[in-house]
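Predicted model, so just to flag it, every value in this text is computed and none were measured. Indexing begins at 1, ligand by ligand and atom by atom, following the structure's order.
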Amino acid sequence: MLSIAVWGGGSLGLLWAARLARIFPETVLLVRTEEQRDWIREKGIRLTDLAGKEERIPVHVRWIGEVGDEAFDCLLIMVKQRHLPGVAEALAAFSRLPALAVLWQNGLGQEEAFESLFPPGVLCGAVTTEGAYREGPGEVRHTGGGQTWIGPFASGAVRSEVAARFLAPLRDEGVRIEWESPIVRRIWEKVMVNCAINPLTALLRIRNGELLRSDEALSLMESVVEEAVSVARAEGVGLEADAVLKRVVEVCRRTAENRSSMLQDVERGQRTEIDWINGEVVRRGTRAGIETPVNRTLVRLIRLLEVRCSPDSGPTDGRLPSR
Ligand code: PAF
């Protein structure tokens, strides 16, 4: 039997912990607060499926303050990018590291904090087109079916025996999940979609589908994608701007009623993932000598919005936060 942990009790963490607990009953969910732990321990996870049917699924749950020296075969890391250094620090204290560690964050650069911990092939990334919405501490709604890919960041790494034992039962249960080696191209494709949709929906406070109603929005998305494609190419990931833009439009259509994750962060007064999405395109563009003015402007506007929307944003001294 595989011992699996899901680190992070956000929307995807709850969805996957519930899904995995049905197949691997020893799955442990690691959450950030004692309140969330107590809620889930008492009531389980309440999952509302795509058809609107509710189910309560009991899950082993622990607060990360209780995590000591653990021995998991497989670890799904589903925290926001900004919490990754803390996870890497906790893992460094484990005497036995997982044989499969999967990073599920939006954006680029998530592997950097972990590269020195894991040999190539153990550290994987995940890309999913599934949607989920967290409705409460242990309540999650599956808002969109889709496909998930996991695979190593490193080229040439082979699939481990643990990865095969993790994937096969999921597929048997009808979960659409594939191994893709390396995962980098899928990550870039997803980043482009997020670069084009997320900041604009957050700035304009609109649902994804509304972006298709305006030529101005479409032309901004086109510029964002063209810049990002140039940067990806400089990194050896050959994508075509036209094909990527078509995909962005298709995602806007398919998720027309969704509030993007960045819009949700802004609405909750939380820090967004802009630095790891458009911000990474700008950073990598600078490294490769490629100008990315539209992405840069979106990063600045979102940072301004974060300062304005943060609940503890007192009067500022006029300087932008430096990141
Ligand atoms: O971040 C998000 O919200 C999603 O990745 C996407 C695809 C933009 C749909 O809302």
Side-chain angles (χ1 to χ4, degrees), residues 8 10-16 50 76-84 102-110 125-135 140-150 176-177 183 185-214 217-218 220-222 224-225 228 232 239 243-281 294-295 298-299 301-302 305-306 309:
S11 52
L12 268 192
L14 292 176
L15 175 70
W16 276 85
L50 290 169
L76 308 190
I77 302 172
M78 294 182 155
V79 300
K80 295 264 187 191
Q81 285 262 17
R82 66 178 181 278
H83 297 304
L84 288 177
V102 190
L103 295 166
W104 291 69
Q105 291 64 36
N106 274 338
L108 293 160
Q110 51 273 57
V127 173
T128 186
T129 60
E130 284 196 296
Y133 184 76
R134 193 181 114 156
E135 296 181 315
V140 64
R141 181 176 291 272
H142 193 189
T143 51
Q147 170 80 44
T148 300
W149 297 267
I150 73 168
R176 288 169 56 204
I177 186 163
I183 194 73
R185 187 185 171 91
R186 292 268 177 211
I187 290 183
W188 263 107
E189 282 171 352
K190 177 95 192 282
V191 164
M192 308 243 173
V193 169
N194 290 130
C195 276
I197 298 177
N198 294 25
L200 287 178
T201 50
L203 287 163
L204 300 166
R205 311 272 177 141
I206 56 175
R207 292 175 194 262
N208 297 351
E210 284 181 60
L211 287 171
L212 302 179
R213 297 219 194 114
S214 143
L218 278 168
L220 268 172
M221 291 199 288
E222 193 175 350
V224 167
V225 164
L239 295 167
V244 174
L245 197 64
K246 259 196 201 143
R247 167 123 187 79
V248 168
V249 169
E250 180 202 311
V251 172
C252 284
R253 279 212 185 99
R254 200 167 38 77
T255 63
E257 287 309 310
N258 284 17
R259 308 173 98 74
S260 75
S261 52
M262 198 170 286
L263 173 57
Q264 290 179 43
D265 285 340
V266 166
E267 286 173 338
R268 291 188 193 120
Q270 284 175 1
R271 193 177 152 191
T272 72
E273 296 185 304
I274 192 75
D275 286 349
W276 294 277
I277 301 175
N278 307 70
E280 273 293 311
V281 169
V294 182
N295 280 280
L298 290 176
V299 172
L301 287 169
I302 290 291
L305 201 59
E306 285 176 346
C309 297

Taking only heavy atoms of [X] into account, list the atoms of ligand 1 that are under 4.0 Å away from them.
X	result
Asn106	1 (O)
Lys190	5 (O)
Asn198	1 (O), 2 (C), 8 (C)
Ser260	3 (O), 10 (O)

Checklist entry - If you draw a 6.0 Å radius around CZ in Arg134, do more than 12 non-hydrogen atoms from other residues or ligands fall strictly inside? => result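 Counting neighbours around CZ of Arg134, more than 12 heavy atoms of other residues, nucleotides or ligands fall under 6.0 Å, so yes.
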
When rounded to the nearest 0.5 angstrom, what distance separates [atom1] in [X] from [atom2] in [Y]?
X	Y	atom1	atom2	value
Trp149	Arg185	CH2	CZ	12.0 Å
Asn106	Ile277	CG	CD1	5.0 Å
Ser261	Gln270	OG	CD	11.0 Å

What residue and atom, counting heavy atoms only, is the protein's closest point to [atom], and at what distance?
atom	answer
atom 7 (C) of ligand 1	Val251 CG1, 3.7 Å
atom 3 (O) of ligand 1	Ser261 N, 2.8 Å
atom 5 (O) of ligand 1	Asn194 ND2, 2.9 Å

Checklist entry - Is Arg253 salt-bridged to Glu250, cutoff N-O under 4.0 Å? => result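 Salt bridge absent between Arg253 and Glu250.
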
Next on the checklist: Checking Arg186 now: which residues fulfil salt bridge (charged side-chain N to carboxylate O under 4.0 Å, His left out) with it, not counting sequence neighbours?
Outcome noted: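 Listed in chain order: Glu180, Glu189.
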
Item to check | Heteroatom proximity flag, Asn208 to ligand 1, N/O under 3.5 Å | outcome: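 Yes: some nitrogen or oxygen of Asn208 is under 3.5 Å from one in ligand 1.
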
Item to check | Nitrogen or oxygen atoms of Arg259 and ligand 1 under 3.5 Å apart | outcome: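 There is no such contact.
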
Next on the checklist: Taking Leu103's backbone N and O only, do any of them form a donor-acceptor pair with Gln110's side chain (distance below 3.5 Å, no angle check)?
Outcome noted: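 Pair absent, no side-chain N/O of Gln110 close to backbone of Leu103.
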
